[in-house]
Amino acid sequence: MAERPSPKTKLTLRTVWFDPNVRSLVFQVIVIGLVAWFLHDIISNALNNLDARGINTGFGFLDQRAGFGIIQSLIPYTEDSTYGDTFIVGLLNTLLVSILGIILATILGFIVGIARLSDNWVVSKLSSVYVEILRNTPLLLQIFFWYNAVLAPLPRPKQSYHIGEWFFLNSRGLYIPKPVFMAGSGLVVAAIIAAIVAIIILRYWAKRRHVRTGQPFPVFWTSLAIIIVLPCLGYFVSGRPVSLDFPHLAGFNFRGGLTIIPELTSLLLALALYTSAFIAEIVRSGIEAVNKGQTEAAQSLALSKSQTLRLVIIPQAMRVIIPPLTSEYLNLTKNSSLATAIGYPELVSVFMGTTLNQTGQAIEVIAMTMAVYLVISLSTSLLMNLYNRKVALVER
Amino acid sequence: MSEYQFKPDRPAPSIQVGFIGWMRKNLFSTWYNSIFTLLVLYLFVPPIYHFIQWAFIDASWIGDSRKACTVGGGACWVFVENRFSQLIYGFYPQPERWRPDLVYASCAFLIGWLAIPKLPKKVWVGAFTIFIYPFIAVILLSGGIFGLKPIETSLWGGLLVTLVLAVSGIVVSLPFGTVLALGRRSKMPVIRAVSTIYIEFWRAVPLITVLFMASVMLPLFMSSEVNFDKLLRAMIGITMFYSAYMAEVIRGGLQAIPSGQYEAAEALGLSYWKSMIFVILPQALKITIPSIVNTFISLFKDTSLVLIIGIFDLLAIGQSAMSDPKWLGFSIEMYVFIAFVFWLFCFGISRYSIYLENKLHTGHKN
Amino acid sequence: ESTLQNVQKKGYVQCGVSTGLPGFSNPDAQGHWQGLDVDVCRAVAAAVLGDASKVKYTPLTAKERFTALQSGEIDMLSRNTTWTLTRDASLGVNFAGINYYDGQGFLVSKNLGVTSAKELDGAAVCVQSGTTTELNLADYFRSHNMKYTPVVFDTSDQSVKGFEAGRCDVLTSDQSQLYALRIKLAKPENAVVLPEVISKEPLGPVVRQGDDAWFNVVKWSLFAMLDAEELGVSSKNVDQMLKSNNPSIKRLLGVDTDMGQMLGISNKWAYNIVKQVGNYGEAFKRDVGEDSPLKIKRGLNALWINGGIQYAPPVR
Amino acid sequence: MTEQSKLTQQDTVIELRKMNKWYGEFHVLKDINLNVTRGERIVICGPSGSGKSTMIRCINRLEEHQEGEIIVNDTLLNNDIKNIEYVRRDVGMCFQHFNLFPHLTVMQNCCLAPIWVKHMPQKEAEQTAMKYLERVKIPEQAHKYPGQLSGGQQQRVAIARSLCMNPSIMLFDEPTSALDPEMVREVLDVMVELAEEGMTMICVTHEMGFAKQVADRVIFMDRGEIIEQNTPDKFFDSPQSERTKLFLSQILNH
Amino acid sequence: MTEQSKLTQQDTVIELRKMNKWYGEFHVLKDINLNVTRGERIVICGPSGSGKSTMIRCINRLEEHQEGEIIVNDTLLNNDIKNIEYVRRDVGMCFQHFNLFPHLTVMQNCCLAPIWVKHMPQKEAEQTAMKYLERVKIPEQAHKYPGQLSGGQQQRVAIARSLCMNPSIMLFDEPTSALDPEMVREVLDVMVELAEEGMTMICVTHEMGFAKQVADRVIFMDRGEIIEQNTPDKFFDSPQSERTKLFLSQILNH
Ligand SMILES: Nc1ncnc2c1ncn2[C@@H]1O[C@H](COP(=O)(O)OP(=O)(O)OP(=O)(O)O)[C@@H](O)[C@H]1O
Ligand SMILES: Nc1ncnc2c1ncn2[C@@H]1O[C@H](COP(=O)(O)OP(=O)(O)OP(=O)(O)O)[C@@H](O)[C@H]1O
Ligand SMILES: [Mg+2]
Ligand SMILES: [Mg+2]
């Protein structure tokens with residue numbers, strides 16, 4: 001029999017009341033009404049209250065001079081910058097600590113997660129102790145702890161720990177030389193980029209070669225050689241165009257160089273360690289979630305333990321790991337807002353803190369802050385959904 | 001035709017001969033495992049030894065001022081002891097402390113009842129604990145009726161506030177989260193959209209911005225007559241936030257229920273709500289117990305954030321004690337103690353959930 | 001509904017204070033709030049409700065304080081808050097007087113060997129976020145062509161801890177606070193307050209704009225304390241003073257005038273304040289002066305008749 | 001009861017008239033016509049994906065159909081929830097994977113619907129349940145949980161659970177195909193008994209032995225259509241269409 | 001190769017000598033003795049839980065045994081990884097649930113082991129894979145993912161995947177019991193063909209038709225012991241023990 005397109009369902013008046021479609025329509029209309037009423041109530045209340053209390057609204061304040069200093073900024077910032085700039089500074093600092101934290105936490109988390117599955121009793125027990133301690137105490141407490149623990153043993157600037165005249169460590173932070181690029185330094189940068197590209201190509205080629213011929217290739221050592229040799233070559237060929245700005249003690253503190261402030265260090269430590277405990281659990285359960293039959297099938301094909309892990313288990317575990325891993329990344333980003341407790345100048349601390357207080361524009365400032373987190377979070381889940389669709393197992 | 005005689009079972013040969021065998025198997029099975037073992041021991045034994053030395057052997061335990069701590073060089077637990085009652089009750093007036101005591105005890109009793117598998121009437125006790133007991137506890141703590149002296153919430157503090165926030169958070173966010181989860185799975189687009197937006201919004205923003213909103217901005221959105229207690233507002237903030245998390249957890253559970261269960265319920269003629277209440281939710285909640293407990297642990301830990309909005313929970317009381325000039329320099333002891341209290345609760349709960357999970361697993365697998 | 005009616009209806013004053021600053025607002029071991037700022041709250045409660053204890057305190061960090069006031073979370077803010085034009089004009093708040101004349105100063109540790117703020121080029125400075133101090137600091141270093149590193153903390157407790165741990169060389173704050181914070185140090189004698197005062201810091205209670213009745217009540221509660229001191233009325237002699245023949249005292253204590261009614265409160269308002277809270281001098285002495293660990297001198301905060309600048313309009 | 005329903009004959013309990021169903025754009029069931037009279041026992045077979053399950057699921061409205069009419073016990077199945085409820089009370093269903101409620105004991109599984117749908121007092125519901133558990137020969141398991149039973153026992157509980165609602169029609173969707181071979185027999189035995197007592201039954205199954213033993217009619221479906229229907233003897237001995245022949249050879253020959 | 005291994009006879013490819021296995025304290029396999037000669041086809045049957053799977057999994061060391069000896073292709077299975085790897089290369093295995101790698105295409109599934117274990121160049125591995133995919137009659141599915149195939153097709157891919165390693169022995173653990181009845185035939189056909197080509201096979205199955213058709217010997221196990229072994233004719237027609245008879249009646253009689 002030929003296939004026909006599906007017809008529209010018709011609605012008879014008689015059955016309207018007992019029709020579930022009609023019922024659900026009515027219910028939904030009521031819910032829309034309630035939500036609209038609630039929003040309207042809140043907004044009108046807020047407007048009334050703002051009006052009654054003589055609070056100005058609007059985003060004009062973003063162009064005003066901020067007039068306060070910020071300890072760490074990735075863009076040029078002085079007291080003359082605007083409140084709008086403080087927003088950018090805070091945002092960038094949030095992103096900085098989040099990205100560094102994510103990288104650190106991922107590395108640590110994977111190591112600990114795999115260590116938990118180790119045959120070695122000491123290693124696996126020690127990693128579960130690590131996980132259980134870090135997971136079960138509040139992050140805020142850990143931040144305070146690390147801040148104290150990082151600060152306490154460090155000496156005053158005059159008694160800094162140092163490595164030659166290059167690196168200085170004291171209670172004001174870690175001071176390192178800052179590269180200053182002069183004319184001709186383009187070649188060095190190009191050499192670095194070229195080295196990275198070369199390594200990517202090499203890895204790709206080596207894998208192809210292995211698949212094609214079955215012969216392995218020492219990728220790691222070759223890559224190491226490339227990343228060292230190429231930039232050095234560029235550096236000397238172009239006449240050593242990069243100089244370093246060394247930190248030096250002047251008055252109370254060091255000047256010059258790059259400073260890594262202890263707030264950043266301790267926040268990073270706390271965030272990375274705390275999150276790594278969760279990531280470790282995710283990694284472990286991801287690996288354990290792969291059906292035992294898969295290991296058995298691989299073993300019965302005579303694949304070795306490491307091959308089984310690399311070719312069969314990890315690729316499948318990643319599908320399980322990635323979604324919760326992403327939400328841990330988001331958590332880390334959100335948790336960076338706790339920096340306000342130790343004064344690391346990220347978004348909540350600078351913008352929702354000082355700026356809000358100096359301007360009094362609570363609604364605008366909070367709306368902007370929340371919007372930032374919403375955008376980060378929604379765009380991440382969007383990317384995640386794309387990824388999930390890409391790696392989803394093909395089914396019938 | 002013969003009847004086959006089965007051989008009797010024999011006990012397994014002991015593969016692991018004593019302690020040596022155990023070490024062979026677990027510590028030194030291969031050469032790289034041996035290196036690992038030694039390396040790990042080398043790296044971690046000294047710090048652990050030093051910690052034990054500091055925390056127990058050299059520590060000072062008795063005394064009433066910092067003089068007791070100048071000897072030894074170990075931890076000064078005297079400081080914690082000195083502040084102990086503040087850590088537990090906050091500023092709750094001395095003569096009325098039997099009230100929080102009673103709440104602690106009754107709470108422990110009820111939770112113990114629910115946690116110990118053998119005791120009967122779990123459903124009723126559970127319903128009482130979730131729906132009635134919180135009100136009794138609140139009345140008992142805040143007073144104002146039945147001749148109880150009213151105690152303002154600003155005087156509550158320490159562990160009391162931590163527990164009040166945590167327990168109220170879980171008790172409210174569980175049912176609220178369930179409704180949201182059902183909403184997000186609803187076939188009605190509006191309900192689904194409203195629930196989804198709600199959930200995604202709260203999950204996207206940091207809790208401290210929520211607490212800030214709740215603590216200083218809420219009155220802006222209310223008509224001026226409405227007035228909430230500050231602690232209550234922190235509770236509302238935490239609950240809103242965690243309901244969204246709870247909803248996602250429960251949604252996961254609902255998704256894990258095979259569609260056959262919905263169909264069987266439908267085929268028996270049960271309506272939507274009846275099949276949810278009697279068939280789907282009991283199963284969904286049961287399989288999500290571990291995740292619910294995890295959410296609860298996060299909530300419990302996150303109560304410490306109320307410090308930032310000036311509510312004196314355990315951590316905040318500890319911090320204020322540290323800045324007492326008479327006891328400066330003992331912050332590590334206080335942090336270790338507070339961390340230990342949090343850890344004890346969280347670890348205990350998570351262990352219990354693992355135990356429960358195993359029990360449910362063997363009890364009826366399907 | 002005005003705040004005054006609202007307060008009368010609910011029966012207490014919701015007062016925003018600091019999270020803990022000795023001498024100004026600080027909970028004691030039993031959780032009772034004490035200090036000069038707290039006394040203003042209590043005076044208002046005594047004036048409006050006849051009972052100085054009818055106050056609920058909301059501890060606020062510097063960052064939260066204006067939002068809390070704007071949103072109606074608190075009825076008044078009495079939290080060492082500097083009166084500036086911007087705040088008056090753009091935050092929707094009104095300053096109801098000055099209960100402490102202060103100026104910003106620096107606290108350094110002795111062994112740095114610094115004797116003047118002008119030598120602080122390149123220093124790391126601990127400061128509380130969201131304060132005028134933060135802004136004055138920037139201005140000061142800028143105008144003297146010096147560089148500095150701001151180390152910003154949420155609460156004064158934390159900034160003391162940061163200073164103690166060596167996170168910064170200098171702690172800056174209002175001078176009164178510096179003295180208060182200094183006693184929180186393990187070895188107070190090792191730190192000195194530098195002589196420079198880099199700004200004017202008039203501190204006072206704040207109320208929401210556009211609520212004049214309440215504004216007046218708060219303003220006059222503060223003035224009543226000052227006038228009482230000027231007239232020699234104290235908590236100890238206030239009952240005898242009821243019989244005084246001095247018309248100024250009679251007006252103040254509401255013996256046969258209706259000053260209170262004009263404000264919309266009881267005629268016994270000032271009597272209640274002085275009886276329950278004391279006059280300004282008593283409060284000062286008790287909270288920050290010689291009877292307190294801070295031992296701050298009256299200085300600018302002496303009455304105008306004693307060479308200071310505390311000068312209250314007359315109750316007339 | 002609706003007007004149309006009066007048109008059905010006295011002892012026709014299920015009637016499908018030119019019924020069509022789509023999943024999205026996929027035409028699963030095409031112009032299905034089927035009449036089932038009271039007490040009739042029908043076996044449906046056919047290759048996987050041919051729409052067997054879908055068809056019997058339409059009969060108690062687990063799936064919605066889009067065209068044509070389904071009349072069960074003189075009740076027209078449409079959007080009217082009253083009608084749907086009425087039909088579901090009167091039609092029991094057993095699934096391939098039993099779908100017992102794992103958190104309830106066998107007894108609670110059986111009593112749930114009588115108590116909450118029929119508002120029967122608990123005592124009475126338990127008595128009924130016990131009666132049917134005896135009938136499927138597992139009264140002693142009443143207080144165990146489904147997880148503690150073997151597959152065969154679970155399927156028998158599922159049958160008992162349906163019977164507790166006192167249905168006049170029973171639908172079975174491959175009730176034995178998820179069972180270990182050793183347990184198939186015990187379930188089939190229960191079904192044969194049920195058939196012999198005169199229950200109206202529609203059963204999707206590949207157990208041809210069962211079909212031969214009890215069916216009044218065997219229906220063969222493919223690609224959403226009923227290709228052939230006949231008495232079991234004729235169906236197995238002289239299948240009419242090539243498709244049927246091929247199918248029979250596949251499932252009988254190993 | 002070890003000393004003991006020399007003791008086995010020329011054409012014995014698998015030998016189990018008084019092999020015992022425990023799971024914790026549970027004695028699963030008791031004194032199993034078994035000799036399989038080259039080209040022999042053995043079918044193992046027995047009730048659920050009797051240790052059939054466990055036994056054949058011991059043969060390629062997916063499970064460790066605790067007592068007795070297992071010698072495969074003159075190699076003694078012990079803790080020596082070299083021996084284990086040698087045996088596994090030479091023994092292919094098919095599982096009840098196929099255990100294909102879902103993230104790889106059919107072709108990649110087949111090439112994985114040849115490339116990584118035998119270091120075969122990809123070209124060659126693909127040619128081999130294609131050869132075996134043709135043999136199991138699904139060359140056209142080579143670039144699909146396992147999830148896109150029917151159960152029968154998946155099982156055939158699993159067989160091809162094992163064959164790609166060019167094993168001399170094949171183990172099958174209930175290869176058809178997770179399949180829809182219609183698909184059983186296609187898998188059995190492949191296995192019959194394999195048997196006819198002279199592959200040494202041990203097969204756990206309940207397909208008695210298959211046993212009759214190809215087996216040289218049928219082994220009946222219960223409670224961890226081999227109770228009876230015989231040629232299929234004798235095994236089915238005149239079982240020796242009561243236990244066997246009961247079992248046969250259960251699985252044949254419906
Ligand atoms: N929910 C659904 N959405 C879309 N297509 C579906 C859905 N359920 C079933 N189908 C499709 O409808 C067709 C008929 O399915 P049905 O389950 O009725 O087959 P069946 O004859 O019962 O097969 P089996 O013997 O495998 O149970 C199949 O092609 C199936 O893929
Ligand atoms: N990993 C394990 N740990 C403990 N016991 C096990 C394990 N695997 C199997 N068993 C037990 O060993 C016994 C034999 O199991 P096995 O899987 O070999 O049985 P089988 O004969 O293959 O049964 P089936 O026909 O169900 O596949 C069973 O009682 C089983 O419960
Ligand atoms: Mg079906
Ligand atoms: Mg098996």
Side-chain angles (χ1 to χ4, degrees), chain A residues 20 24-25 27-29 31-32 35 41-43 45-46 48-50 52-53 55 115 118-124 126 132-133 135-142 144-145 148-149 152 327 330-331 333-338 340-341 348 352 356 362-363 366 369-370 373-378 381, chain B residues 22-23 25-30 32-34 36-37 40-41 44 186-191 194 200-201 203-210 212-213 216-217 219-224 297 300-305 307-308 315 318-319 331-332 335-336 338-340 342-347 349-350:
Chain A
S24 90
L25 200 69
F27 185 53
Q28 295 186 63
V29 169
V31 168
I32 292 185
V35 169
D41 192 48
I42 278 192
I43 292 171
N45 270 336
N48 281 344
N49 288 339
L50 285 176
R53 287 155 200 175
I55 302 171
S118 158
D119 301 336
N120 190 313
W121 186 85
V122 192
V123 172
S124 78
L126 208 69
E132 293 300 351
I133 289 183
R135 251 184 2 151
N136 288 321
T137 46
L139 175 59
L140 190 61
L141 183 86
Q142 293 185 32
F144 284 133
F145 177 84
N148 277 340
S327 72
L330 283 181
N331 279 345
T333 309
K334 287 192 287 165
N335 282 337
S336 71
S337 60
L338 298 187
T340 181
V348 170
M352 214 181 96
L356 165 59
I363 299 224
I366 294 202
T369 312
M370 288 201 163
Y373 286 102
L374 267 176
V375 167
I376 293 178
S377 158
L378 293 184
S381 24
Chain B
W22 180 87
M23 293 236 295
K25 187 151 175 256
N26 292 300
L27 301 182
F28 303 104
S29 57
T30 57
Y32 53 84
N33 258 339
S34 310
F36 257 146
T37 306
V40 165
L41 290 180
F44 287 92
S186 163
K187 290 202 189 76
M188 298 179 240
V190 170
I191 309 297
V194 169
E200 291 303 330
F201 175 78
R203 277 161 38 91
V205 296
L207 180 55
I208 68 164
T209 60
V210 175
F212 184 85
M213 289 262 281
V216 294
M217 289 188 59
L220 207 56
F221 299 112
M222 300 283 167
S223 56
S224 50
I297 290 176
F300 188 81
K301 285 183 296 175
D302 277 353
T303 55
S304 62
L305 301 196
L307 168 149
I308 291 175
L315 182 56
Q319 286 232 317
S331 44
I332 296 290
Y335 282 133
V336 167
I338 295 171
F340 178 71
F342 272 103
W343 181 83
L344 207 61
F345 276 93
C346 296
F347 185 73
I349 299 167
S350 80

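Proteins get letters first, then strands, A, B, ... in listed order; numbering begins at 1 in each. Just so it is clear, the values below take in all heavy atoms, side chains as well, and ignore hydrogens, waters and symmetry mates. Predicted model only: the values in this text are computed from it and were never measured.
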Please flag which part of [X] lies under 4.5 Å from any non-hydrogen atom of chain B: side chain, backbone, both or neither.
X: A/N120; value: both
X: A/L126; value: side chain
X: A/I43; value: neither
X: A/N331; value: side chain
X: A/L330; value: neither
X: A/S327; value: neither
X: A/V348; value: side chain
X: A/I363; value: both

Item to check | side chain to side chain contact (heavy atoms under 4.5 Å, CB included) between B/F212 and A/L356, intermediate numbers included | outcome: CA-CA 12 Å; B/F212 184 85; A/L356 165 59; 3.5 Å; yes
Can you tell me which portion of [X] sits under 4.5 Å from chain A's heavy atoms? Options are side chain, backbone, both or neither.
X: B/L315; result: side chain
X: B/V40; result: side chain
X: B/L41; result: side chain
X: B/F44; result: side chain

Where is the tightest heavy-atom contact between [X] and [Y], given as atom of each residue plus distance?
X: B/S304; Y: A/L140; answer: O-CD2, 3.4 Å
X: A/M370; Y: B/V210; answer: CE-N, 4.2 Å
X: A/P138; Y: B/K301; answer: CB-O, 3.6 Å
X: A/E132; Y: B/W343; answer: O-NE1, 3.3 Å
X: B/V190; Y: A/Q28; answer: N-OE1, 2.9 Å

Item to check | For chain B, the option from A/V31, A/L374, A/L139 that forms the most heavy-atom pairs under 4.5 Å | outcome: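 It is A/L374.
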Item to check | Option in A/K334, A/R135, A/Q142 with maximal non-hydrogen atom pairs under 4.5 Å from chain B | outcome: A/K334
Next on the checklist: Over 60° means perpendicular and under 30° means parallel, so tell me whether A/F144 and B/Y335 are parallel, tilted or perpendicular.
Outcome noted: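 Parallel.
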Checklist entry - If you count the non-hydrogen atoms of other residues, nucleotides and ligands that lie under 6.0 Å from OH in A/Y373, is the total more than 12? => result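 It does: A/Y373 OH has more than 12 such atoms within range.
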Item to check | CA sep, side-chain torsions, deciding dist, call: B/I297, A/N136, side chain to side chain contact (heavy atoms under 4.5 Å, CB included) | outcome: CA-CA 8 Å; B/I297 290 176; A/N136 288 321; 4.0 Å; yes
May I ask you to name which of [options] has the most heavy-atom pairs under 4.5 Å with chain A?
options: B/I208, B/V336, B/L344; answer: B/I208
options: B/P206, B/C346, B/G318; answer: B/P206
options: B/L307, B/L207, B/I332; answer: B/L307

Item to check | Euclidean distance, B/F342 CZ relative to A/T137 OG1, rounded to 0.5 Å | outcome: 9.5 Å
